[in-house]
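The structure appears below as structure tokens.
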There are 2 protein chains.
Amino acid sequence: MARISDVAKHAGVSVATVSRVLAGQPGVSDAARERVLVSVKALDYHPDLAARRLRSGKTDTLGLVVADIRNPYFTEISRAIEDVAYANGMRVLLCNSDEDAEKERFYLDMLRDENVAGVILSPTLSLLSRFRACDYSFPVVLVDRCAPETEADAVVLDNIDAAQRLMRHLIERSSQRIALFYGTASATGLQRLEGYHSALAAAGLTPQTRAIRPTTTEARAALIEHLREHPLPDAVVASSGLILLGLVEALREAGLRCPDDILLAGFDDQPWTRIVTPDITVIAQPTADIGRSAIELLLARIAQPEQAMRRIVLRGELITRASTSRPIQE
Amino acid sequence: MARISDVAKHAGVSVATVSRVLAGQPGVSDAARERVLVSVKALDYHPDLAARRLRSGKTDTLGLVVADIRNPYFTEISRAIEDVAYANGMRVLLCNSDEDAEKERFYLDMLRDENVAGVILSPTLSLLSRFRACDYSFPVVLVDRCAPETEADAVVLDNIDAAQRLMRHLIERSSQRIALFYGTASATGLQRLEGYHSALAAAGLTPQTRAIRPTTTEARAALIEHLREHPLPDAVVASSGLILLGLVEALREAGLRCPDDILLAGFDDQPWTRIVTPDITVIAQPTADIGRSAIELLLARIAQPEQAMRRIVLRGELITRASTSRPIQE
DNA sequence: CTGTTAGCGCTTTCAC
DNA sequence: GTGAAAGCGCTAACAG
């Protein structure tokens, strides 16, 4: 493995000059620059990143802590983040907290040890409740989850608005008893619950909610139990794509048909929601935009540590499909 | 930020002793060890990883290059790999080649620069055709894709066998004209094609195949076109979960019903295959086992660079569902 | 059992 | 415009 001194020797210059050329700094003659470049190629020289980091005290690594790597929503966001990161010459350490505050803590500590330049984080509820950007040695951008009072850069969906629009859509279609199955693990689920409540209150309807862990199996079990213990709702709604999948399984198992027996809607426009029968009305989230915005916020904060906090709120898109197809009530 | 010398001073020992304690090395008195540990806590000391790596020449970072991060198959594998990696005190740099040989090259170079301890790779077809483990400065374990002659540690499904079993399942159910839609981007698709051919040949049936890029949209377009240009097949088969999704979309669009009009089967037991109507017969891959085996192979190779190459071949599980439900022919 | 010390490879003054 | 040299923080060889 060639080192910088080898390149210097080969090019007939000092290591300082080689370093300058590599860093693209001015103050090097064209002739010297040229010779260095040739030598780098000739020796197939690659700088030692560990040494560079030690010396410069900086890293070109970002951390990304998602709550569930198997959730396509987070995968798509990750994808967008990585594309931008690598295009900017930065690497991404992807961590999966699994909605577990302890694992989250572990990864955040690890990223601190790693001396990352910044972190994009979808916090667990427990962390979010006491989150302060200043508790970290690196800049943090929150993604997907953020409380109104949180002081941090963040990119989130307008969950309350999205949930309200989804509910109004249902209410316009004569739904009176709308059951919401929402995830308790995240601020997102809670905010969607809030939108649900306000929309139902505005229409004078009685809420009917089940708090669950946001997994497919749990959602499925919850709906089956709910159907056993309560009169049949007009409509069931999931606060996330994973929960929605569980509801579909349960309805299927119960032999209930949409939209004839019951209406169904949820969040996240995952590919399968288009191919099931019936296809499902959802709030689609602009995942690529979310990811891109998050890393742009982070890169901006790294460049300008002292700038004011920014929050980007994106709007969900209501995609109407057969699962809520029913004449609109005037 | 406290440094090792601060800890040494605080504990009244030398930096060497601190280093020994931290590395868990023997040859330190209990008293000294105790004082060091106390000081580490008191000063909230965290070793500088860059310095450690520079000095020791080793990294505790692994690379994982998957062909498509949005494919649940790879996500599940990643998940298993990360769990094992972090449990062993190693970090994972996750890279997404997107089936693009150039991106793959970029990431492999980056991982080399990063001086990773090892890499788990699902190679593009173009790389696999000329792959030699010795071309890399780090150990490599292939996952999901591997040619018979490739000299490398690898964890793969027995694709030929799995495809054959799936075909025999169809043939037993009187299918005569089985159309296969397979991905050309990977060795996996090609091996499944091979199994398809041999099973059909054994039954004296004429093959009917379409080579496509392994995406949902492409699969969908291919089947629509196929239906327009050919007589209706008895059965259609997808060589991957993403392709299968496209086929479902196309059948739906064409108004064809399974299993009455046509049988349908594929690879990858993704959650949605259970909830569509009808639910779909698939070959399930043991993704968690694949991931776990891969990293175990890698860790073993890192520990024992010279040991013989090992290949782990796992068996797919045929899960029979309604999409191929039809009386069995005697 | 413990401490001293020489670098790992690079960036960055500082002097020329 | 260029080079010499001082470390970044740590590990490990060596001496005691």
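Chain naming here is simple, since letters A, B, ... match the order of the sequence lines and numbering starts at 1 in each. Treat the numbers as computed from the prediction; the structure is a model and nothing was measured. Every heavy atom of this structure was used, including side-chain atoms; hydrogens, water molecules and symmetry mates were not.
- Within a 6.0 Å radius of CZ in B:Arg311, other residues, nucleotides and ligands contribute more than 12 heavy atoms.
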#### Entry: Sequence-aligned protein contact record of nucleotides 11-16 of chain C, with B where the base is within under 4.0 Å of a protein heavy atom and S where only the sugar-phosphate is
BBBB--

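- Here B:Asp60 pairs with B:Arg53 in a salt bridge; the nearest charged N to carboxylate O distance falls below 4.0 Å.
- The nearest whole Å value for the distance from the CG atom in A:Asp6 to the P atom in C:dC8 is 12 Å.
- The CG-C1' distance, from A:Asn115 to D:dC10, rounds to 15 Å in whole Å.
- Taking atom NE2 of B:His46 as the reference point, atom P of D:dC8 lies 21 Å away to the nearest angstrom.
- More than 12 heavy atoms of other shown residues, nucleotides or ligands fall within 6.0 angstrom of atom CD in B:Gln25.
- Among the protein residues, A:Gly27 comes within range of the nucleic acid bases, having at least one heavy atom under 4.0 Å from a base atom.
- Phosphate contact (OP1/OP2 of D:dG9, side-chain N/O of B:Ser5, threshold under 4.0 Å): absent.
- Within the 4.0 angstrom heavy-atom criterion, only backbone atoms of the sugar-phosphate kind lie near B:Ala32; the bases stay farther away.
- Surrounding CD of A:Glu306 are at most 12 heavy atoms belonging to other residues, nucleotides or ligands under 6.0 Å away.
- In this structure, the CG atom of B:Leu54 is 9 Å from the C1' atom of C:dG7, given to the nearest Å.
- When the C1' atom of D:dC10 is taken as reference, atom CG of B:Asp60 falls 14 Å away, rounded to whole Å.
- For B:Glu104 and B:Thr124, the side-chain atoms include at least one donor-acceptor pair closer than 3.5 Å.
- The ring pair (Phe, Tyr, Trp, His ring centres under 6.0 Å) pairs that include a residue from residues 114-143 of chain B are B:Phe131-B:Tyr136, B:Tyr136-B:Phe138, where partners are two or more places apart or lie in different chains.
- A straight line from CZ of A:Arg35 to P of D:dT2 spans 8 Å, rounded to a whole angstrom.
- The interatomic distance linking B:Lys9 (NZ) with C:dT2 (P) rounds to 20 Å, in whole Å.
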